[in-house]
Amino acid sequence: MITIKEITSKGDLTTFVKFPFQLYKESPYYVPSIIKEERDVMNPKKNPVFKNADAKYFLAYKNDAIVGRIAAIINWIEVKEQKKPKVRFGWFDVIDDIEVTKALLEKVAEYGAEHSLEYMEGPVGFSNMDKAGILIKGFEELNTMITWYNYPYYAEHMEQLNFEPAATWVEYKIKVPKETKEKVIKFAKVIKERYQLKLLKFNKSKEILQYADDMFDLLNKTYSSLQTFVPIQQYQIDMYKKKYLPYLNPEYITCIADKTGKLIAFSIVMPSFSKALKKMNGKVYPLRFLHILKAQRRNDTAAFYLIGVDPEYQNKGVTALIFKEMNEAFLRNGIEMVETNPELEENKAIQALWNGYEHEQHKMRRTFRKNI
């Protein structure tokens with residue numbers, strides 16, 4: 001018999017967060033999240049997203065053993081301002097039992113129906129800055145710090161329960177050239193002089209803070225036309241600055257300003273923390289955090305997380321400056337391979353950026369939707 005229990009205590013929330021550790025304990029590809037960070041994300045007292053969102057968390061039990069989890073989420077900005085009558089589901093993990101998946105998703109549907117919403121979609125987080133999508137290709141690849149891992153049967157369960165594909169993301173591995181291409185160097189110089197642009201350099205991660213709000217403003221402008229977009233709120237920006245600043249290596253941050261000093265483009269790349277997080281196994285005791293520090297300094301793989309370009313400068317070659325600076329930083333630091341952040345399949349402009357480099361689409365993930 002399957003029993004679904006709503007999370008009501010701090011202890012239950014910890015159990016909810018830790019379930020994937022049990023489910024994927026034999027998987028060499030699962031990269032765990034930091035337990036404390038996961039709890040804080042789901043805690044209304046710690047995560048300011050709850051100013052415009054509500055959520056319930058559920059655990060599934062079978063024969064007194066935990067066999068699944070799911071979060072039911074309503075982003076009220078999406079519902080009220082964007083007029084999308086949607087209940088989200090996320091933090092979805094389950095054993096290979098279609099009845100468990102069905103029981104968990106029924107709780108999400110009930111939650112949506114209580115608020116007169118019309119359909120459900122997931123897995124996603126609270127906003128488009130959170131993890132999203134069921135992995136449908138790349139099961140023998142480590143997940144990154146900002147993606148979920150899952151077994152192949154997840155998508156099969158969705159299809160059996162008559163969920164339809166919604167958004168699809170693709171991810172790429174890009175081989176770093178052994179030297180910066182001469183044509184990139186020349187083109188970057190031309191673009192820089194033509195538009196009177198200047199590169200902003202940082203020596204310490206704290207120096208980046210003064211441009212952080214402008215970066216998020218560019219993200220809002222860059223991705224506003226995409227189907228999953230929900231405007232990033234200032235309280236979320238403040239949280240992300242605090243959450244990710246310790247991971248930033250200033251050498252991998254590229255910012256470009258116009259002649260007035262206004263930020264018009266940026267990119268954020270980090271050394272890959274997948275192997276370090278796997279060794280930490282969800283905990284941040286001082287000795288375990290040394291794995292992160294080592295990954296920042298000695299690594300042959302980087303993760304391309306974000307890029308934003310002011311619409312006024314899109315299609316004007318500004319990315320040539322970004323790629324030139326990144327490639328030179330990679331060569332200085334021994335980076336041989338870059339893995340991209342998930343990109344919406346429809347976002348051809350971003351995917352076209354990789355055409356000049358040796359690359360492989362190695363992962364794909366998808367959300368699914370169903371009317372309530």
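Everything numeric in this text was worked out from a predicted model, so none of it was measured.
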Discussion item. Can you classify the ring geometry of H157 versus Y153 as parallel (below 30°), tilted (30 to 60°) or perpendicular (above 60°)?
Written reply: tilted
Worksheet item: Parallel, tilted or perpendicular for Y30 and F21, by the 30°/60° rule?
Response: perpendicular
Item to complete: In sequence, state the C-alpha distance, the side-chain angles, and the governing distance for D238 and Q234, and then conclude on side-chain hydrogen bond (donor to acceptor under 3.5 Å, both in side chains).
Response: CA-CA 6 Å; D238 294 339; Q234 185 60 48; 3.0 Å; yes
Worksheet item: Hey, mind stepping through W148 and Y24 against ring-ring contact (aromatic ring centres under 6.0 Å, His included) and telling me if it holds?
Response: CA-CA 12 Å; W148 282 311; Y24 301 111; over 10 Å; no
Got [X] and [Y] here, is their nearest side-chain heavy-atom distance under 4.5 Å?
X    : Y    : value
V79  : P85  : no
F58  : I7   : no
F266 : D214 : no

Fill in: Aromatic ring proximity, centroids under 6.0 angstrom, Y172 and F304
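Not close enough - the centres of the two rings lie 6.0 Å or further apart.
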Item to complete: Check the pair Y111, F89 against ring-ring contact (aromatic ring centres under 6.0 Å, His included), reporting the backbone distance first and the verdict last.
Response: CA-CA 10 Å; Y111 187 54; F89 66 90; over 10 Å; no
Discussion item. Can you list everything that forms a ring pair (Phe, Tyr, Trp, His ring centres under 6.0 Å) with F126? Sequence neighbours excluded, please.
Written reply: F50, W91
Worksheet item: If you group Ile, Leu, Val, Met, Phe, Trp and Tyr by side-chain heavy-atom gaps below 4.5 Å, do F187 and V309 land in one group?
Response: yes
Fill in: N333 side-chain N/O to A329 backbone N/O, donor-acceptor pair under 3.5 Å
yes
Worksheet entry | Polar side-chain atom of S272 near backbone of A303 as donor-acceptor pair, under 3.5 Å |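 No.
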Worksheet item: Which residue, I256, L197, L218, forms the side-chain contact (heavy atoms from CB on, under 4.5 Å) with Y313?
Response: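 Testing each of I256, L197, L218 against Y313, the sole residue satisfying side-chain contact (heavy atoms from CB on, under 4.5 Å) is L197.
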Worksheet, complete the sentence: Correct closest heavy-atom pair for K189 and E193 would be NZ-OE2, 2.8 Å
Practice prompt. List the steps, then state whether ring-ring contact (aromatic ring centres under 6.0 Å, His included) holds for Y211 with F202.
Written response: CA-CA 11 Å; Y211 295 99; F202 307 105; 5.8 Å; yes
Discussion item. Which residue in the set K5, R39, K56 passes salt bridge (charged side-chain N to carboxylate O under 4.0 Å, His left out) when paired with D12?
Written reply: K5
Worksheet entry | Pair T301, K275: side-chain N/O donor-acceptor within cut-off below 3.5 Å | no
